[in-house]
Engineer: 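After the structure tokens below, expect a handful of questions from me.
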Amino acid sequence: MTQPAIDIQAVHKSFRHNEVLRGMSLHVERGHTFAFLGRNGAGKTTTIQMLLGLLNRDEGSIRVLGLDPEKEPLALRAQVGYLAEDQTMYGWMKCGDILRFLAPFYPTWDHELALKYAKDFEVPLGQKIKHLSKGQNVRLGLVMALAHRPELVILDDPALGLDPIMRKQFNRDLITHLQGEGRTFFYSSHLLYEVEPVADVVAILKEGQIVRQAATEELRRDVKQIFLPREAVTALGKDASLLDTRPDGDEVAVTVEGAEEAIESLRRKGVEHRVVDLNLDEIFEAYVTGKVEGQETSAEEVVLTP
Amino acid sequence: MNNRTQQKPMRSVWQSLLWKEWHEHKWKLVGLIALVLMLAVMLWRGEPVLLSVAVTTTLFCYSILAGLFLGMHTAAGENEHGTMQFLQTLPVPMRKPAGVKLFVSWVTVVVPVLIVVGLAHAYLSWHQFTPAILANMADWPRRIGMFSTWGFEDWPFGVGLSGVLCVSSLLLWMAATGVNRSDEIRAGAAGFLTMAVVWFGLAMLGYWAEKWDLPGRDYGIVVVAAAPGGLATAHHYMEGWGSALPFFISAVVGHAGLLAWYLLHFGRKTVRPARTLGKRVKATKSDWLAPPRRSQLTAIVWKQVHETGPLALVAATAVLVMASLAFWLNKENSIQNSFTEILAGITFFVGFLVTVVIGQGVFLEDLKPKIGIFWRSRPVNTTLWFFVKFFTGLTVLVVTFGALLLLAYVFDTGRPYFATDHLSMQIAFTVLVFLLIYTLSMASYCLGRQPIIAVVAALGILFCGSYAFGFVFGRFDFDGYVGFVAMIVAQIAATVVAWLAVRNNWGWHK
């Protein structure tokens, strides 16, 4: 049986008294583009650094491509391509120099492929890195992350700081060159519209735990906003998990997980309602900043004051 | 509301800037005090007659090191830490943060001098030595020719005044000539070269003025007070003059010019960060990619030679220029006319400073947080990375300065100095000392991650270690096998500490 690309089980990580990860579990199948979403400071970069063996976990287990990053970091890194957020490289080297420099560290480095990607991504090989623009810097980072044909590519907010056109171009490059090759992508971001077009699976990290992991389409089907009379919230049924409630005139706008069951329950009880589809941005927002009055998450326990 | 939100804001821009600078300098001050006291105690050894030698030598060495290294920080510390752009966005003229930074740096380098002077004064007052002993002590600084006592009866104050003048001048020279460099090491290199050029320029001018009997040559000497070292180095020439006023004026005008230069230039130039949007790529766009490096070893060696080589080359060139000039200026002097001795002397002096800087530079870039993530996230064997860089940096150093010494040897093979049996011992000893300085400097940077603190720590460990050796073995010279073994043990210990720090990413200021 093929091992998953990434398997994280009940991982805890603290920095002194600040507990960043609180029993986080995550599973990434091979060949998927996995969007790892969370607000700034949610623990995304900490998780990625543990995946690469740059940080040690306090508890739990991590396997990446079947390897333990703490025990076999070099073997693992040889199979992983990594692009850090705001990646800084040796400014005095030229783009061509750094590709030549990195080559011997990767047994599977393909110099022809590096040149091809450099041309495709319009990386100026004769230019010093310190003179590159942000967009060129990210594209050079992408060439370095891909030229050894890694099984797993980890992108940590790679498009951070790029303008919208650059970000679109970056994602287009990703889709054009990479997704067809059957690689696994672990794409960390807090910009949802950035990952929405490319992600197969989404995981949302909040306060050190994964609050939801699902296929992108499943997530869109499962999480919806429902407008209904205030007194009818309990009619959503006990299986509906509320993510966010917001008064809207005489009605209330409720964002629910388990939307199909909730809507069926409202129909059965004859409650008038409207359903609104949400995009990934809104779903993410509901999970990480959603508030339910009284902090109850089951519809039956909610009492909304007029 | 928690305590943090209840804290009152700073009352003024000056208070805010002073608070910031104090936080950035407080540990440097502690380090410098510890360093100066260690050096003084080591030289003094509790012998009353050695007190004035210890205080004068300590303050002389301290003034040069502290002035240069704090000057580097004052010139380029903000660029080094990437905080200059933040400062530039503050709605205050840049001369304010520049002035406060220079002022706090000045206080930081002067306070240790005052502490040494105060302790020496207290010791003299406590013991009530006879006038003959006191007179002998007061005469020592003049005899060793480092600092003047300025005619003070209470000689510690006189020597202290020299120390304050010297360290203040060097701090200002370094800050002004290294201002706006992208990091502290580059600021140090620029400042040091400028000062060397100024001194040799003055020496040449003096030589020509004397040789061709130029008019006004006797008055030109007052310019020395404006040179690096200021009045502290001009005191030799002041004795032959009736009035010290021209020297004071020269010193004030020269150093005021440097101060103005520093204040007007600090932060006025945008130092390119790692990435800029400025340059067009068209001109250098290339479709050609050279073959990859053959192995990890050659890749790391190539990188390290690029990082260490230029500084070593500049230092070697400077040594050759300085030695040639010094030889030329002294060729009619019957005592100091040996090119070998001049070249060897300058090589050792410059070599010491360059060794400290190169030792720090080996991991200067690699241990910056973002660069660290870049190479550590690759399949890099940290142990290989460390030792290849360590030995490559060392090789560059040995080849550069070894070539200079070899040159001296070629020029002067017939001299008895090179024929003594003691030579191999001297060479081995010198190589070991430089190797130890290189490794200590590197290990201190790997742990401290801050160049100035690392320099202070490296020298502190060196002095403290020497003192501990003297205390244990009852001798302070390292000649003989016990000394060699002690240095080798220290070398191995420093290497292991540096290796562990790099491998495990240990370090303060990460």
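Chain letters run A, B, ... following the sequence lines, proteins first and then strands; every chain starts at 1.
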Engineer: Is it the side chain or the backbone of A:Leu51 that comes within 4.5 Å of chain B heavy atoms, both, or neither?
Structural biologist: neither
Engineer: Measure from the side-chain N and O atoms of B:Asp366 to the backbone N and O of B:Phe363, and report whether any donor-acceptor pair falls under 3.5 Å.
Structural biologist: no
Engineer: Under 4.5 Å heavy-atom distance to chain A, tell me which part of B:Ser377 shows up: side chain, backbone, both or neither.
Structural biologist: both
Engineer: In terms of ring plane angle, is the pair A:Tyr117 and A:Phe121 parallel, tilted or perpendicular, where the classes change at 30° and 60°?
Structural biologist: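 Correct class here is parallel.
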Engineer: Identify which of A:Met144, A:Gln79, A:Arg77 forms the greatest number of heavy-atom pairs closer than 4.5 Å to chain B.
Structural biologist: A:Arg77
Engineer: Are A:Glu151 and A:Arg183 ion-paired here, with the side-chain N under 4.0 Å from a carboxylate O?
Structural biologist: no
Engineer: Between A:Leu102 and chain B, which part of the residue has a heavy atom less than 4.5 Å away: side chain, backbone, both or neither?
Structural biologist: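 Side chain of A:Leu102 only, per the 4.5 Å heavy-atom cut-off to chain B.
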Engineer: I need the residue from B:Lys303, B:Arg376, B:Lys370 with the largest number of non-hydrogen atom pairs under 4.5 Å to chain A.
Structural biologist: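 Of the options given, most contacts go to B:Lys303.
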Engineer: Pick one of side chain, backbone, both or neither for B:Ile300, based on which atoms fall under 4.5 Å of a heavy atom in chain A.
Structural biologist: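 Its backbone and side chain both get close to chain A.
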Engineer: Please list, chain by chain and in numerical order, all residues satisfying side-chain hydrogen bond (donor to acceptor under 3.5 Å, both in side chains) with B:Thr83, sequence neighbours excluded.
Structural biologist: B:Glu78
Engineer: One thing to verify: whether A:Asp156 and A:Lys44 come together as a salt bridge, which I'm taking to mean a side-chain N less than 4.0 angstrom from a carboxylate O.
Structural biologist: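 Here A:Lys44 does not pair with A:Asp156 in a salt bridge, since their nearest N and O are not under 4.0 Å apart.
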